[in-house]
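Worksheet for the structure shown next.
Chain letters run A, B, ... following the sequence lines, proteins first and then strands; every chain starts at 1. Below, each value reflects all heavy atoms present in this structure, side chains not excepted, and no hydrogens, waters or symmetry copies.
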Amino acid sequence: MPNTTYTISQLAEEFGVTTRTIRFYEEKGLVHPRREGQKRLYSPADRVRIKLILRGKRIGMSLEESVEVIDMYDPEHNNREQLQSLVCTVEDKRARLLQQKKDIEDMLAGLDEVQALCEQNLAEQGLVEKSLAEKSRAEKSVAERVRKQS
DNA sequence: CTTCTTACA
DNA sequence: TGTAAGGA
(Lines give C-alpha, C1' and ligand atoms only; values in the text may rest on other atoms or scores of the structure.)
Protein backbone atom coordinates (compact mmCIF):
# COMPACT_ATOMS: atom_id res chain seq x y z
CA MET A 1 0.00 0.00 0.00
CA PRO A 2 1.38 3.38 -0.95
CA ASN A 3 1.80 5.34 2.27
CA THR A 4 1.08 8.55 0.49
CA THR A 5 1.39 11.90 2.19
CA TYR A 6 0.44 15.33 0.98
CA THR A 7 1.90 18.76 1.45
CA ILE A 8 -0.37 21.54 2.56
CA SER A 9 -0.19 23.13 -0.87
CA GLN A 10 -1.23 19.91 -2.60
CA LEU A 11 -4.35 19.59 -0.49
CA ALA A 12 -5.09 23.29 -0.78
CA GLU A 13 -5.01 23.04 -4.54
CA GLU A 14 -7.03 19.83 -4.63
CA PHE A 15 -9.82 21.30 -2.53
CA GLY A 16 -9.70 24.79 -3.88
CA VAL A 17 -8.89 26.46 -0.60
CA THR A 18 -5.85 28.38 0.60
CA THR A 19 -3.12 26.92 2.77
CA ARG A 20 -4.27 29.41 5.36
CA THR A 21 -7.61 27.67 5.51
CA ILE A 22 -6.03 24.29 6.17
CA ARG A 23 -3.77 25.66 8.86
CA PHE A 24 -6.80 27.36 10.33
CA TYR A 25 -8.59 24.02 10.58
CA GLU A 26 -5.59 22.58 12.34
CA GLU A 27 -5.65 25.48 14.75
CA LYS A 28 -9.26 24.54 15.46
CA GLY A 29 -8.19 20.97 16.10
CA LEU A 30 -9.92 19.52 13.05
CA VAL A 31 -6.79 17.89 11.67
CA HIS A 32 -3.49 16.85 13.16
CA PRO A 33 -0.96 16.43 10.37
CA ARG A 34 2.33 14.99 11.50
CA ARG A 35 5.40 17.11 11.08
CA GLU A 36 8.60 16.62 9.24
CA GLY A 37 10.60 19.28 10.97
CA GLN A 38 8.40 22.29 10.44
CA LYS A 39 6.64 21.04 7.34
CA ARG A 40 3.20 19.53 7.74
CA LEU A 41 2.65 16.12 6.23
CA TYR A 42 -0.94 15.10 5.68
CA SER A 43 -2.04 11.47 5.62
CA PRO A 44 -4.87 10.11 3.48
CA ALA A 45 -6.95 10.17 6.67
CA ASP A 46 -6.23 13.85 7.16
CA ARG A 47 -7.21 14.41 3.56
CA VAL A 48 -10.56 12.72 4.13
CA ARG A 49 -11.22 14.78 7.21
CA ILE A 50 -10.59 17.97 5.31
CA LYS A 51 -12.87 16.74 2.56
CA LEU A 52 -15.64 16.07 5.08
CA ILE A 53 -15.11 19.43 6.72
CA LEU A 54 -15.44 21.24 3.41
CA ARG A 55 -18.50 19.18 2.54
CA GLY A 56 -20.11 20.15 5.82
CA LYS A 57 -19.18 23.73 5.16
CA ARG A 58 -20.93 23.60 1.79
CA ILE A 59 -24.18 22.54 3.38
CA GLY A 60 -23.94 25.19 6.01
CA MET A 61 -22.52 23.22 8.90
CA SER A 62 -20.23 24.98 11.33
CA LEU A 63 -16.75 23.59 11.80
CA GLU A 64 -17.92 22.37 15.18
CA GLU A 65 -20.82 20.45 13.67
CA SER A 66 -18.55 18.87 11.10
CA VAL A 67 -16.23 17.73 13.84
CA GLU A 68 -19.14 16.15 15.66
CA VAL A 69 -20.13 14.24 12.56
CA ILE A 70 -16.59 13.21 11.77
CA ASP A 71 -16.03 12.03 15.31
CA MET A 72 -18.92 9.63 14.89
CA TYR A 73 -16.77 7.65 12.47
CA ASP A 74 -14.37 6.40 15.11
CA PRO A 75 -16.17 5.37 18.30
CA GLU A 76 -13.68 6.15 21.01
CA HIS A 77 -15.63 4.16 23.55
CA ASN A 78 -17.05 0.78 22.70
CA ASN A 79 -19.26 -0.06 25.64
CA ARG A 80 -22.93 -0.66 24.89
CA GLU A 81 -24.17 2.49 26.54
CA GLN A 82 -21.96 4.82 24.59
CA LEU A 83 -22.54 2.96 21.36
CA GLN A 84 -26.28 3.20 21.86
CA SER A 85 -25.87 6.87 22.55
CA LEU A 86 -23.91 7.23 19.33
CA VAL A 87 -26.66 5.49 17.41
CA CYS A 88 -29.13 8.04 18.75
CA THR A 89 -26.85 10.88 17.76
CA VAL A 90 -26.47 9.41 14.29
CA GLU A 91 -30.21 9.00 13.89
CA ASP A 92 -30.74 12.54 15.03
CA LYS A 93 -28.22 13.87 12.56
CA ARG A 94 -29.77 11.73 9.84
CA ALA A 95 -33.19 13.18 10.53
CA ARG A 96 -31.90 16.74 10.37
CA LEU A 97 -30.08 16.12 7.12
CA LEU A 98 -33.16 14.50 5.60
CA GLN A 99 -35.19 17.54 6.57
CA GLN A 100 -32.57 19.78 4.97
CA LYS A 101 -32.67 17.60 1.90
CA LYS A 102 -36.43 17.94 1.67
CA ASP A 103 -36.26 21.69 2.13
CA ILE A 104 -33.73 21.89 -0.67
CA GLU A 105 -35.87 19.77 -2.96
CA ASP A 106 -38.89 21.93 -2.23
CA MET A 107 -36.90 25.03 -2.91
CA LEU A 108 -35.61 23.60 -6.17
CA ALA A 109 -39.18 22.83 -7.16
CA GLY A 110 -40.03 26.43 -6.43
CA LEU A 111 -37.20 27.59 -8.64
CA ASP A 112 -38.53 25.37 -11.42
CA GLU A 113 -41.83 27.18 -11.22
CA VAL A 114 -40.26 30.60 -11.28
CA GLN A 115 -38.09 29.69 -14.21
CA ALA A 116 -41.06 28.27 -16.09
CA LEU A 117 -42.99 31.48 -15.56
CA CYS A 118 -40.04 33.55 -16.71
CA GLU A 119 -39.55 31.51 -19.84
CA GLN A 120 -43.25 31.57 -20.58
CA ASN A 121 -43.26 35.33 -20.20
CA LEU A 122 -40.21 35.64 -22.42
CA ALA A 123 -41.89 33.52 -25.06
CA GLU A 124 -44.92 35.77 -24.98
CA GLN A 125 -42.75 38.84 -25.25
CA GLY A 126 -41.15 37.22 -28.22
CA LEU A 127 -44.55 36.98 -29.87
CA VAL A 128 -45.34 40.58 -28.99
CA GLU A 129 -42.11 41.74 -30.51
CA LYS A 130 -42.87 39.73 -33.60
CA SER A 131 -46.31 41.28 -34.04
CA LEU A 132 -44.79 44.65 -33.26
CA ALA A 133 -42.28 44.12 -36.00
CA GLU A 134 -45.03 43.21 -38.44
CA LYS A 135 -47.01 46.24 -37.40
CA SER A 136 -43.97 48.38 -37.96
CA ARG A 137 -43.43 46.84 -41.36
CA ALA A 138 -47.03 47.46 -42.33
CA GLU A 139 -46.90 51.08 -41.27
CA LYS A 140 -43.72 51.53 -43.17
CA SER A 141 -45.23 50.29 -46.41
CA VAL A 142 -48.20 52.55 -45.89
CA ALA A 143 -45.93 55.51 -45.37
CA GLU A 144 -44.08 54.47 -48.48
CA ARG A 145 -47.27 54.51 -50.57
CA VAL A 146 -48.24 57.89 -49.17
CA ARG A 147 -44.84 59.27 -50.06
CA LYS A 148 -45.04 58.00 -53.65
CA GLN A 149 -48.47 59.48 -54.08
CA SER A 150 -47.31 62.87 -53.03
C1' DC B 1 10.28 28.93 -4.47
C1' DT B 2 7.43 26.76 -0.52
C1' DT B 3 6.24 26.67 4.19
C1' DC B 4 5.91 28.41 8.98
C1' DT B 5 4.50 31.59 12.71
C1' DT B 6 2.44 35.67 14.37
C1' DA B 7 -0.48 39.44 14.24
C1' DC B 8 -3.95 42.34 12.60
C1' DA B 9 -8.15 43.35 9.65
C1' DT C 1 -10.10 33.68 6.45
C1' DG C 2 -7.02 37.21 3.85
C1' DT C 3 -2.80 39.46 4.00
C1' DA C 4 1.64 40.98 5.43
C1' DA C 5 6.09 40.36 7.68
C1' DG C 6 10.27 37.92 8.41
C1' DG C 7 12.80 33.69 9.03
C1' DA C 8 14.10 28.80 7.54
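Sequence neighbours left out, the pairs with a member in residues 39-57 of chain A that pass side chain to side chain donor-acceptor pair (under 3.5 Å) are A:E14-A:R47, A:E26-A:R40, A:S43-A:D46. Identified under the side chain to side chain donor-acceptor pair (under 3.5 Å) test for residues 91-100 of chain A, with sequence neighbours left out: A:D92-A:R96, A:Q99-A:D103.
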ask   = Where do A:F24 and A:L30 land on the side chain to side chain contact (heavy atoms under 4.5 Å, CB included) test, with the steps shown first?
value = CA-CA 9 Å; A:F24 180 74; A:L30 280 58; over 6 Å; no

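Along DNA chain C, the stretch of nucleotides lying under 4.0 Å from any heavy atom of chain A spans, 5' to 3', C:dT1 to C:dT3.
Remark: A:D106 engages A:K102 in a salt bridge (charged side-chain N to carboxylate O under 4.0 Å, His left out) (not counting sequence neighbours). A:T89 is linked by a side-chain hydrogen bond (donor to acceptor under 3.5 Å, both in side chains) to nothing, counting only residues two or more places apart in sequence or in another chain. Considering only residues two or more places apart in sequence or on other chains, A:N121 meets the side-chain hydrogen bond (donor to acceptor under 3.5 Å, both in side chains) condition with A:Q125. With sequence neighbours excluded, the residues forming a side-chain contact (heavy atoms from CB on, under 4.5 Å) with A:Q120 are A:L117, A:E124, listed by chain and number. Applying the side-chain hydrogen bond (donor to acceptor under 3.5 Å, both in side chains) rule to A:T7 yields the partners A:S9; only residues at least two apart in sequence or on another chain are considered.
Nearest heavy-atom pair, A:S66 versus A:G56, reported as atom, atom and distance to 0.1 Å: OG-CA, 3.7 Å.
Scanning DNA chain C for stems, defined as runs of 3 or more consecutive Watson-Crick or G-U wobble pairs whose donor-acceptor distances all fall under 3.5 Å, gives the following ranges: B:4-9 with C:1-6.
For CD of A:E105, the number of neighbouring non-hydrogen atoms (other residues, nucleotides, ligands) closer than 6.0 Å is greater than 12. Within a 6.0 Å sphere centred on CD of A:E134, heavy atoms belonging to other residues, nucleotides or ligands number more than 12.
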task = Going 5' to 3' through nucleotides 2-9 of chain B, assign each nucleotide B (protein heavy atom under 4.0 Å from a base atom), S (under 4.0 Å only from sugar-phosphate atoms) or - (no protein heavy atom that close).
result = SSSB-B--

Using residues 75-84 of chain A as the side-chain source, report each donor-acceptor pair under 3.5 Å to any protein atom, sequence neighbours left out, with the distance given to one decimal.
residue, atom, partner, partner atom, Å
A:N79, OD1, A:E81, N, 3.2
A:N79, OD1, A:Q82, N, 2.9

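Within residues 46-70 of chain A, no residue has a heavy atom under 4.0 Å from DNA chain B.
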